[in-house]
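Notes for the one structure printed next.
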Amino acid sequence: MSSAGSPQGDEPGERGDFIRNLIRQNLADGTFGGRVQTRFPPEPNGFLHIGHAKSICLNFDLAAEFGGTCNLRFDDTNPETERADYAAAIEEDVRWLGYRSDRGALYASDYFDQLYRWAEDLIRAGLAYVDDQDAEAISENRGSFTEPGADSPWRNRTPEENLDLFRRMRAGEFADGERVLRARIDMAHENMLMRDPVLYRIRHRVHHRTGDQWCIYPTYDWAHGQSDAAEGVTNSICTLEFDAHRPLYDWFLDHLDLLGDRPRQTEFARLNITHSVLSKRRLLQLVEEGHVDGWDDPRMPTLRGLRRRGFPPKAIREFCRHIGVARVDGTVEVELLESFARRELNQTAVRRMAVLNPLRLVIENYPEGQVEMREADNNPEDPSAGARKAPFSRELYIERDDFMLDPPAKFYRLSPGREVRLRSGYFVTCTGVETDADGNVAEVRCTYDPETGSGQAPDGRKVRATIHWVSAAHAGEGRAVLYERLFADPHPGADGADPMESLNSDSARLIGNARFEPAMADIAPGQVVQFERLGYFARDPDTPDLFHRTVGLRDEWARIQKRQSAR
RNA sequence: UGGCGAGUAGUUCAAGUGGCAGAACGCCUGGCUUUGGACCAGGAGGUUGCAGGUUCGAGUCCUGCCUCGCCAGCCA
């Protein structure tokens with residue numbers, strides 16, 4: 001079955017994206033002895049977002065599809081920015097997304113000893129040297145895109161001298177920035193990254209795992225490939241900006257004494273989403289400037305934000321599989337993510353009636369004081385979800401939007417003289433309204449047809465609309481937040497603009513006086529429920545009376561209104 | 001300015017190694033329905049960045065050009 005456009009297939013021999021094709025080819029020619037091992041390597045210096053999810057899903061799915069393994073490995077080579085609590089949060093988020101690292105959490109810092117030994121090997125081979133130049137001088141002597149760099153005056157030190165100096169660096173004899181260890185490659189190389197890259201820098205800093213054991217720390221380039229090799233990674237998958245690092249990645253591994261195969265780096269395009277930003281810097285700015293309530297604000301594209309918002313992990317996984325991988329930068333429409341949330345939630349979320357903007361409805365011919373329990377399916381898509389009972393009485397609340405005194409064309413809901421169905425209740429016909437001093441509709445009057453309790457009229461007459469309701473005397477009260485796009489512009493910051501300029505000032509609208517049917521009490525903290533006809537809402541984990549709108553239902557009437565007003 | 005990477009419906013991706021340019025989301029029509037939801041059926045939407053060339057035949061191969069992204073941290 002599926003091939004084009006649905007890369008989630010795991011049938012061998014099926015065509016797919018360039019990464020899967022590569023792995024299949026490796027498998028066929030025995031490159032890694034039939035092994036497939038990947039890794040997800042975040043730096044523990046912030047929270048994971050939907051862009052990371054793409055990488056997580058790719059790496060773990062690849063391993064699962066080809067019978068391999070995938071590890072979570074923290075790239076913790078820079079003690080200045082990293083923290084243990086970030087690492088813990090990342091582990092939690094990966095688990096929440098639905099993946100388990102095959103060997104628990106691994107750390108680049110676990111390889112500091114091995115990395116150090118490899119560095120000494122390189123020095124002994126005359127391929128690395130200690131440079132006394134400061135950062136500014138190194139930068140100046142690197143040259144430019146069009147001009148070659150200049151050799152450091154310390155480039156030709158003997159291996160003995162380099163070894164001595166490097167050991168003294170490690171022993172703490174020098175201050176931060178006083179010396180670095182550099183690879184001895186080619187200061188005129190057309191790839192700037194090959195112009196004697198820095199391997200170690202001095203940082204007298206406490207590391208969140210190794211404490212004060214080290215005062216020299218490996219750079220990303222020196223640590224990454226070797227960490228991959230150390231743990232047996234076959235396919236090291238990273239984003240496009242590391243493309244230029246690949247020759248370096250290979251150079252190091254080619255000049256070291258490895259136990260196993262040389263891992264292979266492959267790059268793919270990172271994810272962008274419309275009406276959002278994903279750079280760490282912008283996300284941090286949103287939090288620090290108070291545009292959102294924190295890293296787990298439901299408007300944030302962080303996994304914690306999406307979780308609080310009610311996005312099911314499965315929907316995120318399916319989304320990531322659907323968008324596939326390529327080497328072209330692009331921006332996915334946020335509507336696609338939402339459509340995956342709807343698809344999943346439609347199958348799994350229980351239904352409840354909630355009225356967000358209450359309008360009193362009085363049924364004139366329904367006996368005062370009478371209450372009957374109406375049965376309603378928990379989920380029409382899933383009979384095994386059972387049913388609940390909702391109290392029905394003479395005075396109800398309906399949605400203010402479901403009534404119009406003077407209805408325009410194509411408005412099928414309640415209006416004077418018109419009959420509609422109350423969901424899981426009876427047919428009612430509007431007989432009139434009560435208005436307040438300002439002439440606003442304060443209450444709608446109607447009569448009900450006791451013969452329509454089955455949902456159908458015995459005489460076969462039809463109604464065009466079914467609306468939701470709650471019994472006024474039995475309703476619970478609560479609050480709901482309606483979210484819109486955080487950024488009004490689909491591409492915030494495009495053409496050099498400041499993304500913050502397009503912040504949507506109305507991205508969170510609080511509804512303070514929503515009314516719920518009593519069975520809303522069954523909804524657990526964090527659980528997502530469908531408010532019938534309105535959308536999916538997640539009960540806040542900490543504030544039980546608060547619901548976050550995950551995503552609305554498709555709204556045909558809203559679309560008609562939009563079209564009419566556009567005319 | 002040098003190097004590398006990339007250009008296929010609005011968007012994201014497909015289209016063994018030259019053989020009828022497709023899917024999903026979005027949009028439009030219709031059907032069905034106790035959610036104007038879901039579901040079902042259909043439709044619109046393409047000069048495959050541009051210009052040449054090779055070939056019976058080019059999204060795919062060749063040449064030139066254009067546009068976009070990344071690279072001059074002791075960040076990752």
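Residue numbers start from 1 in every chain, and the chains themselves are labelled A, B, ... in the order their sequence lines are given, proteins ahead of strands. What you see below is based on every heavy atom in this structure, not just the backbone, and it leaves out hydrogens, waters and symmetry mates.
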Next item on the list: Evaluate side-chain contact (heavy atoms from CB on, under 4.5 Å) for Arg195(A) paired with Ile185(A), printing each intermediate quantity in order.
Entry: CA-CA 6 Å; Arg195(A) 321 245 262 225; Ile185(A) 305 180; over 6 Å; no
Margin query: For the C1' atoms, the ones on A21(B) and on G45(B), what distance do you get once it is rounded to whole angstrom?
Written below: 14 Å
Notebook entry, point to check: Arg246(A) has an atom CZ; how far is it from atom C1' of C71(B), in whole Å?
Noted result: 14 Å
Item checked: Strand partner of C65(B), provided both Watson-Crick or wobble distances fall under 3.5 Å -> G49(B)
Margin query: What contact category does Ile202(A) fall into here, base, sugar-phosphate, or nothing, at under 4.0 angstrom with non-hydrogen atoms?
Written below: nothing
Note to self: Determine whether the aromatic ring of Tyr200(A) stacks with the base of C74(B), defined as ring centroids separated by less than 5.5 Å and ring planes inclined by less than 30°.
What the structure shows: no
Next item on the list: Determine, for Tyr86(A) and Arg83(A), whether the Lys NZ or Arg CZ falls below 6.0 Å from the six-membered ring centre while staying within 45 degrees of the axis.
Entry: yes
Next item on the list: Report the distance from atom CG of Asp329(A) to atom C1' of C71(B), rounded to the nearest whole Å.
Entry: 14 Å
Notebook entry, point to check: Over how many whole Å does the gap from Leu240(A) atom CG to C4(B) atom P extend?
Noted result: 15 Å
Item checked: Counterpart base for A21(B), defined by Watson-Crick or G-U wobble contacts under 3.5 Å -> none
Next item on the list: Determine which nucleotide pairs with A9(B), using a 3.5 Å limit on both distances of a Watson-Crick or G-U wobble pair.
Entry: none
Margin query: Determine whether the aromatic ring of Tyr220(A) stacks with the base of A76(B), defined as ring centroids separated by less than 5.5 Å and ring planes inclined by less than 30°.
Written below: no
Next item on the list: Quick one: look up who C70(B) pairs with, Watson-Crick or G-U, both distances under 3.5 Å, and put none if it's unpaired.
Entry: G3(B)
Notebook entry, point to check: Looking across every strand, which nucleic acid part, if any, lies under 4.0 Å from Phe531(A) by heavy atom: base, sugar-phosphate, or nothing?
Noted result: nothing
Note to self: Any base atoms under 4.0 Å from Thr466(A), or only sugar-phosphate, or nothing? Heavy atoms, all strands.
What the structure shows: sugar-phosphate
Notebook entry, point to check: What nucleic acid atoms does Gly552(A) come within less than 4.0 Å of, heavy atoms only: base, sugar-phosphate, or nothing?
Noted result: nothing
Next item on the list: Using a 4.0 Å heavy-atom cut-off across all strands, classify Ser144(A) as base, sugar-phosphate, or nothing.
Entry: base
Next item on the list: Assign Ala244(A) to base, sugar-phosphate, or nothing according to its heavy-atom contacts below 4.0 angstrom with the strands shown.
Entry: nothing
Next item on the list: Evaluate the ring planes of Phe531(A) and Phe516(A), with Trp represented by its six-membered ring, and classify them as parallel (under 30°), tilted (30 to 60°) or perpendicular (over 60°).
Entry: tilted
Next item on the list: Give one of base, sugar-phosphate or nothing for His224(A), where a contact means two heavy atoms less than 4.0 Å apart.
Entry: nothing
Note to self: Tell me the interatomic distance from Glu556(A), atom CD, to G30(B), atom C1', rounded to whole angstroms.
What the structure shows: 12 Å
Note to self: Could you check whether Phe311(A) and Phe340(A) have their ring centres less than 6.0 Å apart?
What the structure shows: no
Notebook entry, point to check: In whole angstrom, what separates Lys462(A)'s NZ from U34(B)'s P?
Noted result: 6 Å
Next item on the list: Identify whether any heavy atom of Glu147(A) sits under 4.0 Å from a base atom; if not, whether one sits that close to sugar-phosphate; answer base, sugar-phosphate or nothing.
Entry: nothing
Check: Heavy atoms under 4.0 Å, any strand shown: does Asp134(A) hit a base, just sugar-phosphate, or nothing?
Finding: base
Checklist line | Stacked pair Tyr412(A)-G36(B), distance under 5.5 Å, angle under 30° | finding: yes
Next item on the list: Scan Ile560(A) against the nucleic acid and name what it touches under 4.0 Å (heavy atoms): base, sugar-phosphate only, or nothing.
Entry: base
Next item on the list: Among Asp402(A), Asp401(A), Thr466(A), Asp555(A), find the residue that satisfies the side chain to side chain donor-acceptor pair (under 3.5 Å) test when tested with Arg533(A).
Entry: Asp402(A)
Notebook entry, point to check: Which part of the nucleic acid, if any, lies within contact of Arg559(A), taking any heavy atom under 4.0 Å across all strands shown: a base, the sugar-phosphate backbone alone, or nothing?
Noted result: sugar-phosphate
Margin query: Within the 4.0 Å heavy-atom criterion, would you say Thr331(A) contacts the bases, only the backbone, or no part of the nucleic acid?
Written below: sugar-phosphate
Check: With a non-hydrogen cut-off below 4.0 angstrom, is Arg343(A) in contact with a base, only sugar-phosphate, or nothing?
Finding: sugar-phosphate
Margin query: Need the pair for A44(B). Rule: Watson-Crick or G-U wobble, both distances under 3.5 Å, any strand; none if unpaired.
Written below: none
Checklist line | Close aromatic pair by centroid cut-off 6.0 Å: Phe252(A) and Trp222(A) | finding: yes
Margin query: What's Phe242(A) touching, base or sugar-phosphate or nothing? Going by heavy atoms closer than 4.0 Å.
Written below: base
